[in-house]
Structure formats: C-alpha cells, structure tokens
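Naming convention: chains lettered A, B, ... in sequence-line order (proteins, then strands); numbering from 1 in each chain.
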Amino acid sequence: MAETPQEAVQLKGIPQETFQALQERFPEAVQPARYEGALVPAEKIVEVVRFLRDELGYIFLSNLTATDYLDVKGVEPHIDVVYHLFRMQGGYAALHVEIPREIGKAHLPSVTSLFPSAMLQEREVYDMFGVKFDGHPDLRRLLMWEGFDGYPLRKDWKEVYYEGETKPYRSRYPKGGHPIYAEELSPLKDNIRYPEGWSPQAWDYDEADRLLYERMLSAHRDPDKPLKTDEMIINFGPHHPSTHGVFRMAVRLDGETVRHLEPVFGYLHRNHEKIGERNTWIQNIPFTDRLDYINGMTNNWAYIVALEKLLGWEVPERAEYIRVIVGEFSRIVNHMLAAGFFSNELGLYFTGSLYALEEREHILDLFEALSGARMMFNYMRPGGVRYDLPEGWLEKAKALAYERIPRKVEQMAHFLLDNDVVKARTMGVGVLPPDVAIASGITGPVLRASGVAYDIRRAEPYSLYDQLDFDVAVRTHGDAYDRLAIRFDEIWQSLRILRQVLENIPEGPIVAKKPSHRLKVPAGETYGRIEAPKGELGFYLVSLGKFNPYRYHIRSTSLLNLTALSDMTRGLKVADIVTVLGSIDLTMGEVDR
Amino acid sequence: MRDVENLPEIPPELQGTVKLTTFDQLFAWARKRSLWPMLFGLACCAFEMIAAAASRYDIARFGMEIMRPSPRQADLLIVSGTVTKKMAPQVVRLYNQMPEPKYVIAMGACAISGGPFKEGYAVVSGVDKLLPVDVYIPGCPPRPEALIHAFLALHARFEHERIRDIKAYQKGVDDGVPIPALGPDLVDWRRFEPLMEAAGEKEAVHG
C-alpha cells in the first residue's frame, strides 16, 4: 500500500467546495477517504446522500458498489461501500462507507428511498459481498440464485478452478511448460463444489425461486379492487425470441393487464469482475469486448478512459481521432440494430433487422481491417490504439459515412417512423417521466427521449468531444416512439461528428508509450465513464500499485436502464411488455456481466 | 454407401425417368435440405448466428432460413454462447423438448469448454457436460463462415448416417437428459445415480 497523503486525497474524487459544505454540515462525521472522496459513517449515509441530492445538486446516483479489503498492508480488513454521485454538469462526489467484513455485522442503511437507482445495485452488492442493506424493500440475490454457496467477490472466497491470486499463473509464466487443465484443480473434475456434508436429498430446490414468487404475489396488490379476479404469474423467458438474449421477466397478470413485473437477472453472469481482479490490467481489455458485444469498441474505450485516469497518461491526437471515429461508427451500428430489433419485437419478424444487419456488415468490415476481428476487437490500449489505419481505410470510411449510411438511415427511418402500425403500437406506450428516469439512474438515449439533455460527451467531455460540433438529441414525450426516433436523431449527429473527424485526422504517433504487457498502475482508485451508445458505461478501478486491479467493477448501462422497467410496464397489456423492453435496448452480456 | 453401389441397373428405356436409391440416402438428402435450427441465442455468438442468417451469409442457401423459437419445431440446437449454471436447466429442458432426430452444434469457445470465462464460478465448462454435441466450432466468436462450415459438416454426417443407427428410431423409451437443479451449486443428477428417482420427483414439481 502506497502512502496516501491527506492533502492530495482531499482534492480527488470530490470537489473541494462540496467537501467543505459536507464538513460544515457533518463536522465529526465526514473525513477524507483512503483514495478518493469522503468517508462517511454508516449511520449517516442516508442523511449525507440526501444533503448532497437536495442542497448541492447531486441528483444522479450513478454507481454503487463495494470493495473487500482483506490482507492489504496497513489496512484493517473491512468492506468499503462506495457511492458515485453526479451533478448534471461535470464532476462527481465519491462517498465511502467502511463496514465490518463479518457476515451478519456487515450491514448499512439503504439509500433506495432517495434513489431507486440503488435498487438493483444494492442487490448486487448483497449478492456478491453478503452486505445487508437495512430498509431495502426487496433484498434478494441479483445474479446468482438464492441458496448459492458463498459471496463470490469476497477476497477469501475462491472459485472452484482457483489457481492463484493473480495472473500470470506460475504454471504458465515465466517458466511455463506445464499446462494445467482446469478440471484437474477440482476434486469433482468439474466446475462444481458442494459444501461439506451437503446432502442432495435434503436440499430444498424450490428455494432458488421462492423469494421471487413471494415478491410477485405481494407487490402492488390492490385490495380494493371492485371486481374480484384471479391473477396469474407467467414467466417471460429466459428463452424467448423477444428478450434480446437470456432475460427473464416474471409477470403477474390480471387478464391481459400487467399488475407487476419483476426482471430476473443472472442467466448470462460470466463473472467478469472476479476474473478481472485476477487478470493483469492489459488482460482485461479483451474481456471488455464481451460485455456489450455489439459495441466492443466503446467498451474498450470506457475501460481505457478509467485506466488512463489512474495512469495519468496523455493520448496522442491521432489516436483520439481514431477512437472518436470507431466510437461513432459503433454508435451507428448499435442504434440501427436497436431500431431493427425493436421492429422485430413489434412483430415485423426479421425484416427491420435485415436493414440494420446489412449496414452492420459494412461497418464491421472497417473494424475488421483495423483490428483483425469482426466483433471482439481488443483494439484500444492505454495511451492510444493498437494498430494504425491501413491504407485506403479512410476513403472507405468516408464513402460509408458520407454516402451509403445516410441514404440507408433515411430509408430505414422512413419505413419505421412514418409507419402507422409502428406509431399505433408505440406512441404513448411505456412513458418514462424525466424525474423518474433521473432518479432511477437511467442514461443514454432512453433518458434523452424523456426530455433530459444529458450526454456525457457534453456534460463532462472526454477525448475530442469538447472540440467537436454536434447537438445533444432530445425528445420530450418519453414514450416508446420517442425512444425509437431518438436513435435516428443520434445517428445523424454521429454522422455529423464523423464528417469532422474523418476530414481533419492528423498524422502522428498512435500510442503514447511503448506498449508493455506488464503494466504497473499507481495506487489509487478512479471512476471513469464514457457515453457508450446505450448510455453511461463506467469502470470503477482500485489499484494497489501492482500489475493487477484490486477491484474491477463495471457500471453497466443496460442493467441500470432496466431499473424502471417494472414501473414502465405496470398497467399495460402483455404485448406492450416487449415494446417497452425493445425500446430500452439492452445487451444481456452487459446486464449480467 | 455400399448399398448405393449395389443397386440394380436401370433399364435403358427408363433412364432419365426413374432413379433408384436407398431409403437412407433419400432420407439424408431430404434432411440435408431441411434443417430447422432453433432461434436460441445465449451470448455474443448469437450475433454471428444472426449475421449468418442475414443477407450477406444467408443460410437460406442451405435450406434453413427460418429459425423457430419453439423447441418443438426445431431439430438443430445451436448453442451460441456461454452456458451459465443458472441457464443450464433451461438449456437441457429445451433440448429434451426437441423432437428426434436432433443435433447440437457447440458454437464458440464458451460452448465448447467455457472459453475465456472458464475459470468463472458461474460458468458450465462446456455444453457437452450436459448434452451430446455433434459439431464443435472453435472461435470467439466463430465467423459466420465457420457456422456454415458446421452445417456442411452436419450434412456430410447425414450422408453416412443410417436410419437404424439413429437412437430415436430404435426400440425403448428415451427419457432425455435429466434436468439439472440449482442447489448450493449446479446439481447434475447423473452424478448422483441413486438419486435419479428424486430427480424424477423434482421434474414433476417444476413441470
């Protein structure tokens, strides 16, 4: 553990005036935290968050997660729960709460009464760390099932195929030569482990879903219903053609009307965060590709932005231009696919998607020429990008961005937006009011379709976006139609950005420093974020000054955008559920991580 | 193949009108041109599967453009992505619901072995731990061409398949793969042979 001078800490992770205001209001309670932000005692956290929200304008609880500090030199073992609150214009305030590690003692008050966006995130912390949130209305496991043995992100919890704390493992590097089959590491020769003395006969297998169904039966009951009717619960998914992958919704229906909807997550939980803590800093880049697998480029970018904040590296101008180019192309792909699959959800089967997939192929050709892969690019590096533009690439990109894509987008927008059936199915359906959207942590096109002009490219510009000329697309109705239409608005803005960067890209180096596979990152922590096509994609990284991250948390856009799904669908008909879900646009790889 | 060579010769006046073949051959020919893949996307690979069905790669050329979301209407399960422990019971259940003869393609590294996420605590180390797999396609994700190659490999297999060897046409009842359950970890009933009866009871509970 590196020394953490108090003066330096005060300036990081929280604006000076915010910290002073906090200390004036809570003189004994608020201290500078270990690396970033302010340290708040558990019993004061709700008051502090309310003060920040109501009086200092931090109306957006973007990220809530925890870190398990165990065996860190000079630090008492504890769990550190961290909150990242944002103002609409620039800068965040990080709050830390330190609580004991022991299961049972590890609990703190929930902030869900102030911020519904904490609903899913607190459930995730409970799932992964065993931290209880007092006052949370629905504290169930989020990604694993009820009854799963252990809390995986605790540092003393080892996975079945555990080989070592950090990579590269001794069996492979530097000596290597002895490939170890992961199965050999497990007594049962498989990725399975049961607690000692566990009896498969005595176990209650219904436990996995019991809490869910209890919640389904009790939530949003109307005891004064004039006509007594029987309600039924049906399960939508996890295998369903309209759920964008393996997403499950338990729905309680009264006839055809939705009374309550409960999303069930974790069917694609691939343990990014546990694996990410074992990986070296560079090894995590290809894993980010697999989060939101439509937008590998922007996932790379978000991680790199966070990493560069920790490293303090400058990026050459040409690399920034290349990043903006691939990022905006990625946004076009995503929005076209979102519109295409949305039309699929409305019952157009595959037709709309075919228009989008055709353009996707052309853009993927560009990405493939650049990185060598169609989907998993592994393209960005701290301080730059991996490869320079190949010969003739710019010409091809210009031909696409200036001629082909505008023509096709116009055609597709006409087919969908001027279509009476689409209008009838989407207008006024799934309305999301702006205040609910902000409190629920919703970002990206979904938030902007509700009339909130919040775009990180403008609110907190990174890369070149402060020099570029573009507008933040906003629509005001907040219904499914506006969420569809705003995607086309944003494609036009992306094309506008592309026109500027493709013309002005300078010559020069593409990477700041000689790339090294053993990258050492200074001790500290940071939260870095970008405006990914679906919204705010953030990475919370904690470094102890070693070759591996100590904590690697992904603030998933798609997951947070689903916070309000239950409220948006209440009272609608069954067929409108997929309309609302399709208009939100999610990728399960990112939802479940 | 040998059967085809032993077919009687067609008289000259009937050549061009009559063609003789074996039933196995006829069956293979018909099935080759009418595979029904299930619309079943798990993860990243699903997008390459969709791309394979879209205009550039167009698997309709191989007689399979319609993907059915219902397992009852499909005979080819493309496991396109990571199978997690939470998803494993559903994957097996879908497989059991498909009519025979049925085939499984393990698409991509995750479906083959767990891939980049193998070390993860919630990932099944390859779908072949649960189901019999016919074709494996490596890649992360495999390109659409690779998926088409898998279809061609399956077609080549049909050529050599004899109806009497297909399990579904033999005597006896096939109960399918026992559906795993979620305990403190994934519970594969085949590990607990004496408990198979209990598995049957569980199945009745879960439907």
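Contacts with chain A (heavy atom to heavy atom, under 4.5 Å) involve these residues of residues 38-46 of chain B, listed by number: B/Met38, B/Leu39, B/Phe40, B/Gly41, B/Leu42, B/Ala43, B/Cys44. For a heavy-atom cut-off of 4.5 Å, chain B lies close to A/Arg290, A/Tyr293, A/Ile294 in residues 288-300 of chain A. Residues of residues 70-78 of chain B never come within less than 4.5 angstrom of chain A, heavy atom to heavy atom. Within residues 112-124 of chain B, the residues having any heavy atom less than 4.5 Å from a heavy atom of chain A are, in residue-number order, B/Pro116, B/Phe117, B/Lys118, B/Glu119, B/Gly120, B/Tyr121, B/Ala122, B/Val123.
In this structure, no portion of A/Arg248 lies under 4.5 Å from any heavy atom of chain B.
Here the side chain of A/His239 pairs a donor or acceptor atom with the backbone of B/Pro69 at under 3.5 angstrom.
Atom CD of B/Glu48 sits about 5.0 Å away from atom CE of A/Met375, to the nearest 0.5 Å.
When all heavy atoms of B/Leu182 and A/Tyr205 are compared, the pair lying nearest together is O-CD2, 3.7 Å. The heavy-atom pair separating B/Gly183 from A/Trp203 by the smallest distance is CA-NE1, 3.2 Å.
Residues B/Arg56 and A/Asp365 are in side-chain contact: their nearest non-hydrogen atoms beyond the backbone lie under 4.5 Å apart.
For B/Arg61, the CZ atom is densely surrounded, since the number of other residues' heavy atoms within 6.0 Å is greater than 12.
Ion pairing between B/Arg143 and A/Glu361 fails under the 4.0 Å rule for side-chain N and carboxylate O.
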